[in-house]
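Everything below concerns the one structure shown next.
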Amino acid sequence: MSSKKKTAATKEEATPALVPKLRFPEFREAEAWKGTSLNAIADPVTERANQGEENTILSLSAEHGLVLQSEFFGKKVAGDNSERYMKIARNDFVYNDRTTKASTFGTIKRLSKHSGGIVSPIYKCFRFQGDQNPVFWDWYFESGSHTKALAGLVNEGARAGRFNISITQFLSTVAWRPGKSEQQKIAECLSTVDEVIAAQAWKLHGLKAHKKGLMQQLFPGEGETQPHLRFREFQDKGEWEETPLSKFILSLDAGVSVNAGERPASEAEFGVLKTSAITKGRFDPEENKEVLIKEEQFRLKEPVTAGTIIICRKNTPALVGSNAYVESTHKNLFLPDLLWAAKPREGVSMRFLAFILSSDKGRAALSKMAKGSSTSMINITKPEVLAFRVMAPSLEEQRRIAACLSTLDDLIVADAQKLEALNTHKRGLMQQLFLSAKGIES
């Protein structure tokens, strides 16, 4: 054997078989995944919409996939140019190479929610041949396994965010696939996980809707002095009393602006909250920045204290007035100058007040108080907040309502954590069931 043939044989023997980290038991001894040029198993979609024909206009969303343009944008934007649009059918794929993130190299989605439609000619459309499993390929692209192949096209001269990859170029890339039975197994597994995630998301949505409806019943409506629903022991307790917020709140105290880092503080370090700590209606202590300079640490004031309500006094119109109840004290965390700590008077339930202020009605009222010349940052003032009038029952009924809604909040948080855990599990499965982009040899 010549030295040239020996070298070639040695290189082939040294090339590892390409298999994912995780395979189902029945496929652990199966052949390695094979690289195949997409143009051998998929074809471009070239059919155009007919002028004057009524069509479902679709747009591509990185988060939601192919969606109705009328719902996503609130209107149809194809206008008189719809005849230039590409006509696609269920299980066709659409690729948008336009992105601001160089690491993603665009978005690839399968049409799964609609039987067909038309899409803008800026997209690249393709269709897998009949012997291919479109659901497998949908998961394949979502897993990021094709990133390396697309990066190769970009490296040939396209600029990040302006790739301008043609459908011919796209279909010239190599994709890696197992046998048909393993493709089917992977597709079924991930689709089942998706169904569980969808069920959990629907459950969470239902709990949130139930809480919203319950609050509408437990608090008096506009112009009313009693709620429609009261706990049995308070049904004959008469009307609620309208009082200014100052009857609940002793003071509104802001922190100070300090020079801080970017990462969250550890338990042994000092930290200052970010306004994002309360943007979702619940207090998130992890949303903070470490303060390492001693001179800045000495300037810190207004520690995060249990039983207070944090209110954003200055922010964008959408976020000003955001607020959240603080369950426990965090002695090393402090407020910035943009956040107030609302401190309670004796004989009030701050939990009850927090539900009023964080409700849609409360948030809207606080936001309406905001003033300022800037369209990006506006502020609310202490006198206006303290003068804000709320309806409240006796302290005992306040506590009963707060306990009921807090229990519901705990269920919502627990279900939200389950949903996040399921999504994390799905991402982990995808990383192991498909070849990683780093592991694929060019």
Would you say the side-chain atoms of Asn96 pair up with the backbone N or O of Gly106, donor to acceptor, closer than 3.5 Å? no

Are the side chains of Phe170 and Asp97 in touch, meaning some heavy atoms are under 4.5 Å apart? no

State whether the side chain of Asp415 and the backbone N or O of Ile412 hold a donor-acceptor pair below 3.5 Å, judged by distance alone. no

Give the minimum heavy-atom separation between Ser276 and Thr279, together with the two atoms involved. O-OG1, 3.2 Å

What's the separation between atom CG in Leu150 and atom CD1 in Ile108, rounded to the nearest 0.5 Å? 5.0 Å

Looking at residues at least two apart in the chain, or sitting in another chain, which of them share a ring pair (Phe, Tyr, Trp, His ring centres under 6.0 Å) with Phe93? Phe126, Phe128, Phe141

Under a 3.5 Å threshold, yes or no: a donor from one side chain and an acceptor from the other, between Gln132 and Trp137? yes

Is a side-chain donor or acceptor of Ser359 paired with a backbone partner of Gly362 at a separation under 3.5 angstrom? yes

Of all residues at least two apart in sequence or in a different chain, which pass the side-chain contact (heavy atoms from CB on, under 4.5 Å) check with Leu386? Ser246, Ile249, Leu252

Distance-only donor-acceptor check, side chains Gln183 and Asn133, under 3.5 Å: no

Can you find a pair of side-chain heavy atoms, one from Ile118 and one from Leu58, that are under 4.5 Å apart? no

Just by distance, with hydrogens left out, do His146 and Thr173 show a side-chain donor and acceptor under 3.5 Å apart? yes

Side chains of residues 256-264: which donor-acceptor partners sit under 3.5 Å, not counting sequence neighbours?
unit_1: Arg263; atom_1: NH1; unit_2: Glu269; atom_2: OE1; d: 2.9
unit_1: Arg263; atom_1: NH2; unit_2: Glu269; atom_2: OE1; d: 3.3
unit_1: Arg263; atom_1: NH2; unit_2: Glu269; atom_2: OE2; d: 2.7

Evaluate the criterion side-chain contact (heavy atoms from CB on, under 4.5 Å) for residue pair Ile309 and Tyr325; output intermediate values, then yes/no. CA-CA 4 Å; Ile309 298 172; Tyr325 180 77; 4.2 Å; yes

Working note: Glu142 + Arg427, criterion salt bridge (charged side-chain N to carboxylate O under 4.0 Å, His left out); need CA distance, chi angles, decisive distance, verdict. CA-CA 10 Å; Glu142 186 173 336; Arg427 290 191 292 269; over 6 Å; no

Tell me whether Arg28 contacts the main-chain N or O of Arg23 through its side chain, where contact means a donor paired with an acceptor under 3.5 Å. yes

Take atom NZ in Lys208; do more than 12 heavy atoms of anything else shown fall under 6.0 Å from it? no

Considering only residues two or more places apart or on different chains, which pairs with a residue in residues 376-420 satisfy ring pair (Phe, Tyr, Trp, His ring centres under 6.0 Å)? none

Can Phe24 and Cys189 be said to form a side-chain contact (heavy atoms from CB on, under 4.5 Å), step by step? CA-CA 10 Å; Phe24 295 98; Cys189 170; 3.7 Å; yes

Please say whether more than 12 non-hydrogen atoms of neighbouring residues, nucleotides or ligands are located less than 6.0 Å from CD in Glu267. no

Please name the pair of heavy atoms, one in Ala187 and one in Val135, separated by the smallest distance, quoted to 0.1 Å. CB-CG1, 3.7 Å

A side-chain contact here means heavy atoms from C-beta on lying under 4.5 Å apart; do Trp340 and Ile380 qualify? yes

Is there a donor-acceptor pair under 3.5 Å between the side chain of Ser143 and the backbone N or O of Ser145? yes

So, taking the atom named CG in Asn379 and the one named CG in Asn315, what distance separates them when rounded to the nearest 0.5 Å? 11.0 Å

Step by step, work out the salt bridge (charged side-chain N to carboxylate O under 4.0 Å, His left out) result for Lys185 and Glu182. CA-CA 5 Å; Lys185 187 76 172 182; Glu182 190 171 0; over 6 Å; no

Please confirm whether the backbone N or O of Asp253 pairs with a side-chain atom of Ser251, one donor and one acceptor, at under 3.5 Å? no

Tell me whether Lys247 at atom NZ has more than 12 heavy atoms from other residues, nucleotides or ligands lying less than 6.0 Å away. no

To the nearest 0.5 Å, how far apart are CD1 in Ile378 and OG in Ser367? 5.5 Å

Tell me whether Asp138 is salt-bridged to Lys109, with the criterion being a basic N under 4.0 Å from an acidic carboxylate O. no

Between Gln226 and Arg230, is any side-chain donor less than 3.5 angstrom from a side-chain acceptor? yes

Please list, chain by chain and in numerical order, all residues satisfying ring pair (Phe, Tyr, Trp, His ring centres under 6.0 Å) with His205, sequence neighbours excluded. Trp202

Using 0.5 Å steps for rounding, measure from the CE atom of Met215 to the CD1 atom of Ile356. 8.0 Å

Is it the case that the side chain of Gln431 and the backbone of Gly428 share a donor-acceptor pair, with hydrogens and angles ignored and the cut-off at 3.5 Å? no

ring-ring contact (aromatic ring centres under 6.0 Å, His included) assessment of Tyr123 paired with Tyr85: CA-CA 9 Å; Tyr123 300 141; Tyr85 275 43; 8.6 Å; no

Given 3.5 Å as the limit, does a donor-acceptor pair link the side chain of Gln297 with the main chain of Val291, or not? yes

Sidechain-backbone polar pair: Thr305 side chain, Pro303 backbone, donor-acceptor under 3.5 Å: yes

Strictly by modelled atom types, are Arg127 and Asn91 linked by a side-chain donor-acceptor pair under 3.5 Å? no

Indicate yes or no: at least one non-hydrogen side-chain atom of Phe248 is less than 4.5 angstrom from one of Arg345. no

Are side-chain N/O atoms of Glu384 and Thr381 paired as donor and acceptor at under 3.5 Å? yes

Are any non-hydrogen side-chain atoms of Leu319 and Thr316 less than 4.5 angstrom apart? yes

Apply the test side-chain contact (heavy atoms from CB on, under 4.5 Å) to residues Ile186 and Phe434: give CA-CA distance (whole Å), side-chain angles for both, the deciding distance (0.1 Å), then the verdict. CA-CA 9 Å; Ile186 291 171; Phe434 291 94; 3.7 Å; yes

I'd like to know if the side chain of Arg363 reaches the main chain of Ser358, judged simply by a donor and an acceptor atom lying under 3.5 Å from each other, with no hydrogens or angles considered. no

Below 4.5 Å, heavy atoms only, C-beta onward: do Phe355 and Asp409 meet side chain to side chain? yes

Here the ring pair (Phe, Tyr, Trp, His ring centres under 6.0 Å) pairs for residues 256-299, sequence neighbours left out, are Phe283-His330

Lys/Arg N to Asp/Glu carboxylate O, Glu396 vs Arg399, below 4.0 Å: no

On a heavy-atom basis, the closest approach of Ile278 and Ala324 is CG2-CB, 3.8 Å

CG of Asp410: more than 12 outside heavy atoms within 6.0 angstrom? yes

Does the pair Lys237/Glu397 count as a salt bridge with the N-to-O cut at 4.0 Å? no

Between the CD1 atom in Ile122 and the CG atom in Leu60, the distance rounded to the nearest 0.5 Å is 8.5 Å

What I'd like to find out is whether the side chain of Leu245 reaches to under 4.5 Å of the side chain of Arg389, using heavy atoms alone. no

Ser406 side, atom OG; Leu411 side, atom CG - distance, nearest 0.5 Å: 11.0 Å

Given the rule in the side-chain contact (heavy atoms from CB on, under 4.5 Å) test, do Leu218 and Leu405 qualify, once you have shown the distances and angles that lead to the verdict? CA-CA 10 Å; Leu218 288 173; Leu405 294 175; 4.2 Å; yes

Do the side chains of Glu302 and Leu339 get nearer than 4.5 Å, heavy atoms only? no

